[in-house]
**Student:** 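Dropping the structure in here first, questions after.
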Protein chains: 2
Amino acid sequence: MILPVNSSVSTKDRILGAAELLFAQRGFEGASLRQLTTNAGVNLAAVNYHFGSKEKLVEEVFRRRLDALNESRLAALAQVAGAPETTLEDVLEAFIRPALDLSHDDSGALFMRVLARAFAEHDDTLRQFLSANYGHVMRQFTAEFARLLPQLSKQELYWRIDLVTGALTHAMSGFGMIQRKSDVSENAHREQTALHLIRFAVAGLSHP
Amino acid sequence: MILPVNSSVSTKDRILGAAELLFAQRGFEGASLRQLTTNAGVNLAAVNYHFGSKEKLVEEVFRRRLDALNESRLAALAQVAGAPETTLEDVLEAFIRPALDLSHDDSGALFMRVLARAFAEHDDTLRQFLSANYGHVMRQFTAEFARLLPQLSKQELYWRIDLVTGALTHAMSGFGMIQRKSDVSENAHREQTALHLIRFAVAGLSHP
DNA sequence: GTCTATACACTGATAGAC
DNA sequence: GTCTATCAGTGTATAGAC
């Protein structure tokens, strides 16, 4: 898809929009800067001018989405963290719901696929970027999990969180997602998905 | 490392040997055909002549690994499938243990990562290759899970298997793998890993 | 500051001579 | 079967136009 040239949108934003789409369609390696800049209607060199490198562009695509996603997660966590009546389900809901809401619209779903690709492609620099910029989110959730699961050793808890993260990332990337049947509404399907993920995560985290 | 030229080894095998080594060291994207053929002591064009493309060479390099991996899995499954005393742990052990053994050495670990990547990539030719050649393995395991979990609906079972698969793929790709401490032996670490994965999978599959 | 044209050093792939 | 030569495509860097 070639975006119509629109002078009201900056070159930088045109590149970011085309990049998110093309990365999701072809992967990071598969999407060339020439194709990307052609779709965006900008010059090839504009990418390096505005972002420094293709790699930095990838990071910027992530930053736009992840900032919003993780703010939502932390806001939801803040509403339940530390309270005596808070359950594991509440914390998992705070983690899962924002991601599920994000993957509801088309561009959000595209982003979740990009995120899943990033995990799968095992890109070291991208990993470091994610860890450096969003590690605090995972640490806050981990702290709350630790509070609710005092019987687990640190090592045991990290293992379980790691496995749950893998399962959720996989599921939310949409690859293995069981397709919604036509007689189930979009919202009902999302509720059902949230239930499956949360129940599974509770079982994985809290088994004896 | 540049392999000494040895006329008793065919060009094809020289390429395969150099490829497995270089892919393990630098990754599939990072290993160029020029470096690979230089190390193997063969001409650049020999790769395309013998294998058709770099991608086909990649497939050939770890087709042997997959054959061995899935043979081990099916052999282990065959020893427990259908027996009245078989537990969920037994079946999961049959699935997990061979993969864990494989990811023990460096090139095996890289292979598991590529496997995880192919798993997450929707339209990749590599994924089609995997599905076409090894889909029957997953079907056999699914059938045995269904036998051991008769209380679950098909839909419910597929959900849980999907989530467990995501968790195991993630863990075995090494992305989030908790590093072995220096005072724990390699074998002990692997045993502990197997225990964690199996316990987690049992909880995720069989929770009420 | 923004943007563009262009060159550079790479990549995998391939046709054709031997 | 194996080689050389060459091709189209890649990310990146930079000089210079506005």
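Every value quoted in this text rests on a predicted model; they were computed, and no experiment measured them. The chains referred to below are lettered A, B, ... by the order of the sequence lines, with proteins before strands, and numbering in each begins at 1.
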**Student:** Measure CD1/A:Ile15 against P/C:dT4 and give the value in whole Å, please.
**Tutor:**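 Whole-Å distance recorded here is 9 Å.
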**Student:** Please answer whether the main-chain N or O of B:Leu205 pairs with a side-chain N or O of B:Arg160 as donor and acceptor at a distance below 3.5 Å.
**Tutor:**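 Answer holds: yes.
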**Student:** Indicate every side-chain donor-acceptor pair of residues 132-140 of chain B with a distance under 3.5 Å to a residue at least two apart or in another chain.
**Tutor:**
unit_1   : atom_1 : unit_2   : atom_2 : d
B:Asn133 : ND2    : B:Phe129 : O      : 2.6
B:Tyr134 : OH     : B:Asp67  : OD1    : 2.6

**Student:** Name the atoms and distances for all side-chain donor-acceptor pairs under 3.5 Å in residues 195-204 of chain A, with sequence neighbours left out.
**Tutor:**
unit_1   : atom_1 : unit_2   : atom_2 : d
A:His196 : ND1    : A:Gln192 : O      : 3.1
A:His196 : NE2    : B:Glu156 : OE1    : 3.2

**Student:** Can you confirm whether more than 12 heavy atoms, excluding those of B:Gln35, are under 6.0 Å from its CD atom?
**Tutor:** yes
**Student:** For a quick test of reading the model: is some side-chain N or O of B:Tyr49 closer than 4.0 Å to OP1 or OP2 of D:dG1?
**Tutor:**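 Answer yes for this pair, as a side-chain N or O of B:Tyr49 is under 4.0 Å from OP1 or OP2.
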**Student:** Heavy atoms, side chains only, cut-off 4.5 Å: are A:Asn39 and A:Leu22 in contact?
**Tutor:**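 They are in contact (side-chain heavy atoms under 4.5 Å apart), so the answer is yes.
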**Student:** Going 5' to 3' through nucleotides 4-18 of chain D, assign each nucleotide B (protein heavy atom under 4.0 Å from a base atom), S (under 4.0 Å only from sugar-phosphate atoms) or - (no protein heavy atom that close).
**Tutor:** B-----BBBBB----
**Student:** OP1, OP2 of C:dC3 versus side-chain N and O of A:Thr11: anything below 4.0 Å?
**Tutor:** yes
**Student:** Rounded to the nearest Å, what distance is computed from the CZ atom of residue A:Arg14 to the C1' atom of nucleotide C:dT2?
**Tutor:**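 Spelled out: CZ on A:Arg14 to C1' on C:dT2 is 15 Å.
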**Student:** Distance check: side-chain N/O of A:His50 vs OP1/OP2 of C:dC3, anything under 4.0 Å?
**Tutor:** yes
**Student:** Do B:Arg97 and B:Glu191 meet the salt-bridge criterion of a basic N to acidic O distance under 4.0 Å?
**Tutor:** yes
